[in-house]
Protein chains: 2
Amino acid sequence: MIAPGSYEELRNELATRHEDLSKRLKQIAEYALDNPNDMALETVSGIAERASVQPSSLIRFAKAFGYSGFSEMQRVFRTHLVESGANYKERIRSFGRDDETAEYTRNIVLDDFVDGGIAALDNLREVVDPDKFEAAIKYLGEADVIYLAAQRRSFPVASYLAYAFAQLDKRCVLIDGNGGMFFEQGRSIRKGDALLAISFKSYSPEVVQLVKETRENNIPVVSISDGVLSPLTQNSDVCLEVEDIEVHAFRSLAATMTLALTLVVALGRQLQE
Amino acid sequence: MIAPGSYEELRNELATRHEDLSKRLKQIAEYALDNPNDMALETVSGIAERASVQPSSLIRFAKAFGYSGFSEMQRVFRTHLVESGANYKERIRSFGRDDETAEYTRNIVLDDFVDGGIAALDNLREVVDPDKFEAAIKYLGEADVIYLAAQRRSFPVASYLAYAFAQLDKRCVLIDGNGGMFFEQGRSIRKGDALLAISFKSYSPEVVQLVKETRENNIPVVSISDGVLSPLTQNSDVCLEVEDIEVHAFRSLAATMTLALTLVVALGRQLQE
DNA sequence: ACAAAAATGGAATAAAAATTCCACACAGAG
DNA sequence: CTCTGTGTGGAATTTTTATTCCATTTTTGT
């Protein structure tokens, strides 16, 4: 007897053997199929109570399906909960785990990044707060000149935005730090302008400092960053959150780029009106 | 002190109080925000190990946020896990929405780009030719210095590649055309180097010309472009095809960026061997 | 630089949970 | 109707897990 390793296998096994099971085990099987979340999260006695059986029956049940005990079977339900459960950060981790054993054919690498990118985009859809997004558009739309600040990995995003804003005839300045003039470029920002800053952990100190200074001068700051702990979140008028997935120790820009593009299009639409 | 009852409240509390927390508690807060699933499913000692803290610190952490103990706090994470999972399953994804009749609310714009990005990534998986990909890696791996040429919309991709190659300690030169020196920069390319050019229609004349000249000097040219009609395809040793989807008259860079990233990782892996 | 207070690590302890065990119930065969 | 074997409830036991406690270290305020 070999225990099902995946939720799908287990589900299948439960269905096939359902008829042959004893009264109590049948009862448990039905409960398990109806309440997989309970199976994943509750304790033996908790489930026993809800399903109106004895705790020992649950152990017998698990053993009847080849597991060493209830806990081992519960792991199958837990894994399923995480994997199906949209929390995409955990999906990154499962990429990482596969990686250690998988052979690296070229295709697997591309597939991983494609999957990662898709997951990141899916996540983007969920985490972007429409109110914040609208507020960001408003600040940018009202700005005379948009200043763009980003360094290192985020720089390409700013670079893309500079290109796209120019297409819209929206004036902007890309603070590229050329010639070590990062702050000099940044300090030419005036009342009526706005700063759009992009940075992810580990946050570029220059960008963080510029954001703070600009805010202190009462100039609107819109930022794109990762999560509530970011120093940009705290010092911006509005902060859009993105989290690109890290696969094979590298972080893509697919989600961030898509957000940037959306920002541009929404801004363009607003300017037309 | 009242303990946050929902995940969102907790998340918020973690963020606002993050700065005032002690070193260990801060560390735990970061881990919790990054790995909510672990917080939901793992045991105290399991989490302690992964987050590199003592089990007792986790209990202190929970108490610092008003819970009676770790278990009470964990319930918040578990509830969130179940609820976010349920939403995910119910979500419907509809591609190819009817743009003409749809009202353009802010969300629809983001959804369109997300869908477009996903479609582009899916497509990328299909169209990338593994042999060409491998050949590209080979040329780049053997190059002494990689020259990167791209203009306008493609420039951010080159910019990202420059950053990533530097991370790999792979020497590269980003031909940015600063000071109108595009060709001057490009002509410093030597035997033993390679050119990586990125351009899409309408093709940048500078990049096309540089590709031709470089090829004539028998220096390997790898390019990223769109389809067989591209002048880059015809004048490169190997050309990787990508097609980012155009939505609302704007073209994203999600797929191209993902291809670039994959190139970097594959190259990095090859260099390690 | 010092004392006081806060934070930390790690072992000790308490609590909770999983698992085992056994007496009993119940169905089917003789 | 009783014997036999499987199934079941529930208490006892073992294992795992959470929590507490205190000696030690680190920070803070003077």
Between P on D:dT17 and CG on B:Leu58, what's the gap in Å once rounded to a whole number?
14 Å

Between A:Asp176 and A:Gln185, is there a side-chain donor-acceptor contact under 3.5 Å, judged purely by atom types and distance?
yes

Whole angstrom value for the distance that separates C1' of C:dA18 from OH of A:Tyr67
17 Å

Whether A:Tyr7 and A:His80 hold their rings parallel, tilted or perpendicular, with breakpoints at 30° and 60°
parallel

Figure out the CD/P separation between B:Gln54 and D:dT17, and round it to whole Å.
17 Å

Restricting to nitrogen or oxygen on both sides, can you table the protein-nucleotides 19-22 of chain C pairs closer than 3.5 Å?
residue: C:dT19; atom: OP2; partner: A:Phe70; partner atom: N; Å: 2.7
residue: C:dT19; atom: OP2; partner: A:Ser71; partner atom: N; Å: 3.4
residue: C:dT20; atom: OP1; partner: A:Lys63; partner atom: NZ; Å: 3.4
residue: C:dT20; atom: OP2; partner: A:Lys63; partner atom: NZ; Å: 2.3

Assess whether salt bridge (charged side-chain N to carboxylate O under 4.0 Å, His left out) is satisfied between A:Glu241 and B:Arg11, documenting all intermediate values.
CA-CA 14 Å; A:Glu241 285 180 34; B:Arg11 208 176 120 86; 3.1 Å; yes

Mind calculating the distance between CD1 (B:Ile28) and C1' (C:dT8) to the nearest angstrom?
11 Å

Which distance, rounded to the nearest 0.5 Å, do you find between the CD of A:Gln234 and the CD of B:Glu19?
6.0 Å

No-hydrogen, no-angle side-chain donor-acceptor test under 3.5 Å, A:Glu206 and A:Ser204:
yes

Protein-nucleotide distance (A:Arg75, atom CZ; D:dT16, atom P), rounded to Å:
11 Å

OP1 or OP2 of C:dA16 sitting under 4.0 Å from any side-chain N/O of A:Ser45?
no

Short N-O contact, A:Glu134 and A:Lys138, less than 4.0 angstrom
no

Close N/O contacts between protein and nucleotides 24-30 of chain D (under 3.5 Å):
none

Can a donor-acceptor pair be found between the side chains of A:Ser52 and A:Tyr31 at a distance below 3.5 Å?
no

Quick check: does any side chain N or O of A:Ser57 sit under 3.5 Å from a backbone N or O of A:Val53, one acting as donor and the other as acceptor?
no

Output the rounded distance in Å from CZ (A:Phe61) to P (D:dT6).
21 Å

Could you state the CZ-P distance from A:Arg24 to D:dT6, rounded to the nearest angstrom?
19 Å

For A:Ile47 and C:dA16, what is the distance between atoms CD1 and P respectively, to the nearest whole Å?
18 Å

Would you please test A:Asp115 and B:Arg125 for salt bridge (charged side-chain N to carboxylate O under 4.0 Å, His left out) and show each step?
CA-CA 9 Å; A:Asp115 286 344; B:Arg125 199 202 309 265; 3.2 Å; yes

Are any of A:Ser57's side-chain N or O atoms less than 4.0 Å away from OP1 or OP2 of D:dG9?
yes

